Amino acid sequence: IFELPAGKVQFRASVNDIDGSVYSESADGASTQLDNDFETYRAGLVLPIFADLQRDEPVLGNLSLTVEAGRSRSNRGRANSLFSSSANWQFRPWLNISATFSQDSEAIDGTLLDTATTVTTGVTVFDPLLNRTALVTQFSGGNPGLLPQKRETTGFSVSLAPYAPGNVQVGISYTDSRLRDSIGFLPPASIELLAAFPERFIRDVTGQLTSIDTRPVNFDRQERRDLRASVSFMIPLLGRTAAASSGGARLQISASYGLALEDRFVLRQGLAPVDLLAGGATGFGGGRPEQSGELTATLSRKGSGFSMQ
């Protein structure tokens, strides 16, 4: 668009239009077709703040800011917004620091909203309250009252390349993610689900479970914070000169370590959060490990090779 002392300001925009439909036919011969169309508009700016990395004696390096905003709309008439910003600081050729922030609300898949309700009788389910199975009437299909899920993510990362001949790469990143009104189908009944969605589990006057509603719902929120570190390097196997060429054999080693600092899930507003790092479960599966690691070795030569993980 125009030029600043550090360089040109860049403008970018995009428009995406996705059309689709889902066709279904029931056992009684009734057919349904649901159109599912999405339009997304995005626009953003890249602003160079300073740029002296190409000088003989750089002081601040290169710093740029990126800002993007957009809006998506489905043929159901619901509009959702998005916003993101990032800062990228290349302090030296071997040191890069970045920060990101994004907010977005996602358009809901039309099948989750408009799929016709199906009623099935005589379904066997487990009743965790009475600790036994029960025959119930089950309701399934779409839920037109769903809210779009909203995500907010903040991230910071540092990457180092301290030794170019060995292609040594070191990275550290931190991510803070908040997801609100997440959409999902109810899993098999658990004590936590019974407390969070009592209206979905109907009982008669004797306390027997008589019907369940498995149509999708909005869960309150999930909060996650993660720290991750990684390192990778290359070992030449046929001498430095041969490994540097395209046909040289080389061994690439990559290792990563992840530490989950927080992972809490709140099924419904007002209920206590479930700590997934402390072994808590939500009905969608067990808890989440606090630590994780991965080691990969890749042997390559002349464009082919194999990996071990």
Side-chain angles (χ1 to χ4, degrees), residues 72 80-87 97-109 112 126 128-129 143 146-160 169-201 212-232 254-296 309:
S72 63
N80 305 285
S81 59
L82 61 91
F83 171 81
S84 66
S85 61
S86 63
I97 302 171
S98 64
T100 60
F101 173 78
S102 65
Q103 285 181 325
D104 67 83
S105 57
E106 301 176 11
I108 304 173
D109 189 324
L112 297 176
F126 178 72
L129 188 61
N143 179 2
L146 290 174
L147 300 174
Q149 58 186 19
K150 296 171 283 292
R151 187 185 304 274
E152 181 177 297
T153 304
T154 303
F156 301 94
S157 67
V158 178
S159 60
L160 299 167
Q169 304 283 336
V170 180
I172 301 174
S173 62
Y174 168 81
T175 305
D176 186 322
S177 177
R178 299 286 186 263
L179 179 62
R180 293 186 177 275
D181 296 322
S182 62
I183 298 173
F185 289 91
L186 288 182
S190 64
I191 294 297
E192 292 81 7
L193 284 175
L194 293 179
F197 300 96
E199 73 280 3
R200 294 296 187 105
F201 302 92
I212 60 173
D213 187 344
T214 64
R215 290 175 294 182
V217 297
N218 286 112
F219 300 104
D220 186 57
R221 67 185 186 275
Q222 184 173 10
E223 303 168 341
R224 295 180 60 167
R225 294 187 297 116
D226 293 281
L227 188 65
R228 187 174 182 83
S230 64
V231 61
S232 66
S254 301
S256 64
Y257 169 75
L259 177 63
L261 304 175
E262 179 185 38
D263 196 342
R264 304 194 307 168
F265 194 97
V266 180
L267 291 169
R268 205 166 193 176
Q269 188 175 12
L271 297 180
V274 178
D275 189 347
L276 300 179
L277 298 180
T282 61
F284 298 94
R288 178 188 174 203
E290 183 177 359
Q291 302 181 65
S292 62
E294 186 176 293
L295 177 64
T296 304
Q309 196 170 31

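Here the structure is a predicted model, which means the values were calculated and not measured.
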### Query
Regarding Ser98 and Ser157, is there a side-chain donor-to-acceptor distance under 3.5 Å anywhere?
yes
## Note on the structure
Between the CZ atom in Arg221 and the CZ atom in Phe265, the distance rounded to the nearest 0.5 Å is 10.5 Å
### Task
Quick one: do Phe219 and Leu186 satisfy side-chain contact (heavy atoms from CB on, under 4.5 Å)? Show the steps, please.
CA-CA 10 Å; Phe219 300 104; Leu186 288 182; 4.2 Å; yes
### Message
Tell me if the CD atom of Gln291 is crowded by more than 12 foreign heavy atoms within 6.0 Å.
### Response
yes
### Task
Please report the closest heavy-atom contact between Ala196 and Leu267, naming both atoms and the distance.
CB-CB, 3.8 Å
#### Entry: Interatomic spacing from OG in Ser173 to CZ in Arg228 - rounded to 0.5 Å
7.0 Å
### Query
Checking Arg200 side chain against Arg215 main chain: does a donor-acceptor pair fall under 3.5 Å?
yes
### Contact check, side chains of Leu146 and Asn218, non-hydrogen atoms, under 4.5 Å
yes
#### Entry: Rounded distance [0.5 Å steps], CG in Leu276 versus CD in Glu223
11.0 Å
### Message
Are the side chains of Glu290 and Leu259 in contact, using a 4.5 Å heavy-atom criterion?
### Response
yes
### Task
Report yes if the side chains of Pro187 and Leu193 come closer than 4.5 Å at any heavy-atom pair, otherwise no.
yes
Side-chain atoms of residues 174-184: list all donor-acceptor pairs with protein atoms under 3.5 Å, sequence neighbours left out, distances to 0.1 Å.
residue: Asp176; atom: OD1; partner: Arg178; partner atom: NH1; Å: 2.9
residue: Asp181; atom: OD2; partner: Lys150; partner atom: NZ; Å: 2.6

### Task
For Pro128 and Leu194, work out which heavy atoms get closest and say how close.
CG-CD1, 3.7 Å
#### Entry: Those residues that, when tested against Phe201, pass ring pair (Phe, Tyr, Trp, His ring centres under 6.0 Å) (two or more places apart)
none
### Task
Over all heavy atoms of both residues, which pair between Ser72 and Ser105 is shortest? Give the atoms and the distance, please.
OG-O, 4.4 Å
### Message
Checking Gln169 against Val231 for the side-chain contact (heavy atoms from CB on, under 4.5 Å) test, could you report, in this order, the C-alpha distance in whole Å, the side-chain angles of both residues, the deciding distance, and whether it holds?
### Response
CA-CA 6 Å; Gln169 304 283 336; Val231 61; over 6 Å; no
## Note on the structure
Output for pair (Arg225 CZ, Arg264 CZ), nearest 0.5 Å, gives 9.0 Å
### Message
How long is the straight-line distance from CZ of Phe126 back to OG of Ser190, given to the nearest 0.5 Å?
### Response
10.5 Å
### Query
So, do Gln149 and Ile108 sit near enough that their side-chain heavy atoms are less than 4.5 Å apart?
no
### Message
Determine whether a donor-acceptor pair (N or O, by modelled atom type, separation under 3.5 Å) exists between the side chain of Ser159 and the backbone of Gly171.
### Response
no
### Task
Quick one: list whatever passes salt bridge (Lys or Arg N to Asp or Glu O under 4.0 Å) with Asp226, sequence neighbours left out.
Arg224, Arg288
### Task
Please report the closest heavy-atom contact between Leu112 and Pro216, naming both atoms and the distance.
O-CG, 3.8 Å
#### Entry: Shortest non-hydrogen contact between Thr154 and Phe101, atoms and distance
OG1-CD1, 3.4 Å
## Note on the structure
So CG of Leu227 and CD of Glu262: to nearest 0.5 Å the spacing works out to 13.5 Å
